[in-house]
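For ligands, and for the atoms within them, numbers begin at 1 and follow the listed sequence.
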Amino acid sequence: MTIEIAIIGSGLIGTLLALGLLHRDSPHFHIQVYEQAACHRELGAGIGFTRAARHCMMRLDPRLDECLRRVATDNGEPEAPDYNMRFVDGYHTYVGGDEADEAEGNQPVGIEGKVYKLYAGPRGFEGCHRAQFLAEIMKLMPDGVVQFGKRLERYEYMTSGRIQLVFEDGTEREVDCVIGCDGIKSRVRELLFPEGDYRPRYAHQLAYRGLIPMERAMAHLGRHHRRRLLLQHMHCGPHAHVLHFPVAHQHLLNVVAFVPDPKDWDASAFTDPPSPNPTLTPKTHLLTHFQNWTPFVRTLLALLPTELTQWPIFDLYENPPPTYAIARVCLAGDAAHAASPHHGAGAGVGVEDALALVTALECAETAIARGKRATTTALEGALRAYSAVRYPRSQWVMRSSREVCRAYEWEMFEGEGEEAEEDTGMMARVMEEIRRRTMKVWECDVEEMIGEVQGLFWRGM
Ligand SMILES: Cc1cc2nc3c(=O)[nH]c(=O)nc-3n(C[C@H](O)[C@H](O)[C@H](O)COP(=O)(O)OP(=O)(O)OC[C@H]3O[C@@H](n4cnc5c(N)ncnc54)[C@H](O)[C@@H]3O)c2cc1C
């Protein structure tokens, strides 16, 4: 008995899913990943993984966590390393800290106001360089599993019950199950819902991303802000925010600045995979937007290259797919729930999907091997259980990713009197909302999720 599983897309999620399935060392699974690009083209940008994602990696294959350890950069506090995420008012310049803050566990840091720390858990939100992490995990991939230059064009159910994949190069393959890990502009999603429009929409935000050599950042900012540069920080303020964290073992500082954009962008405006030669924009637009922010933020942004890549932010907030699975085809990762990046958890939630899928497919394999269910019924049941368990949480994270941005950017409480710019108490108020949402993203009970998938599968839903 062979169960042929096709994974479409070898981004982070398709690759992790394939490795998780291969780690089961099943005599029945045959895993093949089809990637449209000629080779991997992950970005030279930073990415952080939640503690739930790390837990999932351990469960997928403990070697994945070791890969992450090799490339991850500790960004927790030396004396409290599990507090990886720090939020600050990036707009008002304060003089002196507040002792009351210290009593609450928030650290006053002199000239730039109070620091709100969130407990991310052990090694909870370490940053790493995306391309380095992907290169590291690909070392675990046996030869021949990933086929490059294979862009899925369509699939069809055959009378035999199997699924025929047709690629753009004219080649075809027959498989038993298809998992679309083909990203935000998923072709599998289009094929799964031929009647519906579940294409990503523009979130009216632009992200400017860049890496600054840490030595350079230290030379300009290190005198007062050494600690700030080595730890992950979110600078909040009116209608914009800036995130930075160290990557590449603290040799580089990853910086992302978000600004609103009233313009409309069509989904074709962003390329997938990312263009190796993206259009560059002069940094002046960004600097103008932040001209009234703290000296730290202004100096940091001034250190970015003079021309920057502009990333329009798209997500599925306005038109999410109604389910992740129909029969023996399903979606995972960004294909299912592409989110704007404000929780920094899109990939993390995709890793949770990968573990849920591995769990469901293991159940199917057992049921088939024991003769309890036919291959078709077992695989359909597995994908149904996966979708039912993953849909509510991943959709909530996707929606909250957009909504939490309104707290970072002080829009959530606008209209309550004082203008956001004048309101020095704004940070304290938005932090309640930020804390509530962020903790819900980070605190996913992975073992419970595994149990739910198994329970749903065996109860036959
Ligand atoms: C600015 C920014 C910052 C972010 N920061 C974080 C963070 O800190 N933490 C976090 O968890 N997440 C973060 N995210 C989200 C994260 O980047 C994504 O959720 C994640 O990369 C999605 O991975 P994926 O494998 O699902 O999709 P992708 O990485 O998009 O991979 C899809 C793959 O499918 C291939 N493909 C597409 N169509 C086809 C086809 N028809 N046939 C074959 N192959 C195909 C593509 O070439 C690609 O290789 C961030 C996102 C942004 C924009």
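- In this structure, of Arg151, Arg187, Gln147, Gln36, the residue bringing a heavy atom nearest to atom 36 (N) of ligand 1 is Gln36.
- Here's the thing with Ile313: none of its N/O atoms is less than 3.5 angstrom from an N/O atom of ligand 1.
- Here the shortest heavy-atom distance to atom 40 (C) of ligand 1, taken over Leu243, Leu152, Val351, Leu134, belongs to Leu152.
- Heavy-atom proximity to atom 8 (O) of ligand 1, evaluated over Cys181, Cys128, Gly48, is greatest for Gly48.
- Under the 30°/60° scheme for interplanar angles, the aromatic rings of Phe258 and His241 are found to lie parallel.
- Under a 4.0 Å N-O distance rule, the pair Lys185/Glu190 does not qualify as a salt bridge.
- When the heavy-atom distances from atom 49 (O) of ligand 1 to Glu168, Arg209, Glu35 are ranked, the shortest goes to Glu35.
- Remark: Arg51 fails to qualify as a cation-pi partner of Trp442 under the 6.0 Å distance and 45° angle criteria applied to the six-membered ring.
- Geometrically, ligand 1 and Ala207 share no nitrogen or oxygen pair separated by less than 3.5 Å.
- The closest side-chain donor-acceptor pair between His239 and Glu411 falls under 3.5 angstrom.
- Checked against a 3.5 angstrom limit, the closest N/O atoms of Ala335 and ligand 1 fall outside it.
- Residue-ligand proximity: Phe49 is placed with every non-hydrogen atom at 4.0 Å or more from ligand 1.
- Close approach of ligand 1 to Tyr34 (heavy-atom distance below 4.0 Å) involves ligand atoms 43 (C), 44 (N).
- His204 and Tyr202 have tilted rings, their planes meeting at an angle from 30° to 60° on a 0 to 90° scale.
- When Arg130, His343, Gln232 are checked for heavy-atom proximity to atom 5 (N) of ligand 1, Arg130 turns out nearest.
- Atom numbering of ligand 1 starts at 1 in the shown order; those under 4.0 Å from a heavy atom of Gly9 are 33 (C), 34 (O), 35 (C), 44 (N).
- Ligand 1 places these atoms under 4.0 Å from at least one heavy atom of Gly333: 26 (O).
- A cation-pi arrangement, defined by a distance under 6.0 Å to the six-membered ring centre and an angle within 45 degrees of its axis, is present between Arg228 and Phe296.
- Ligand 1 places these atoms under 4.0 Å from at least one heavy atom of Pro341: 1 (C), 2 (C), 3 (C), 4 (C), 50 (C), 51 (C), 52 (C).
- Using bins of under 30°, 30° to 60° and over 60° for the plane-to-plane angle, the ring pair His235/His233 lands in the tilted bin.
- In this pair, Tyr34 and Phe167 present their aromatic rings tilted. The plane angle is within the 30 to 60° band.
- Residue contact check for ligand 1: Leu12 places a non-hydrogen atom closer than 4.0 Å to it.
- With hydrogens and angles left out, the side-chain atoms of Ser394 and Tyr324 include a donor and acceptor closer than 3.5 Å.
- In this structure, Ala345 has a heavy atom closer than 4.0 Å to ligand 1.
- A salt bridge does not link Glu35 with Lys150: none of the charged nitrogens is closer than 4.0 Å to a carboxylate oxygen.
- One finds no salt bridge joining Asp182 and Arg187 here, because no Lys/Arg side-chain nitrogen approaches an Asp/Glu carboxylate oxygen to under 4.0 Å.
- Polar contact with ligand 1: present for Ile13 (N/O pair, distance under 3.5 Å).
- Atoms of ligand 1 lying under 4.0 Å from at least one heavy atom of Lys150, given by number and element, are 42 (N), 43 (C).
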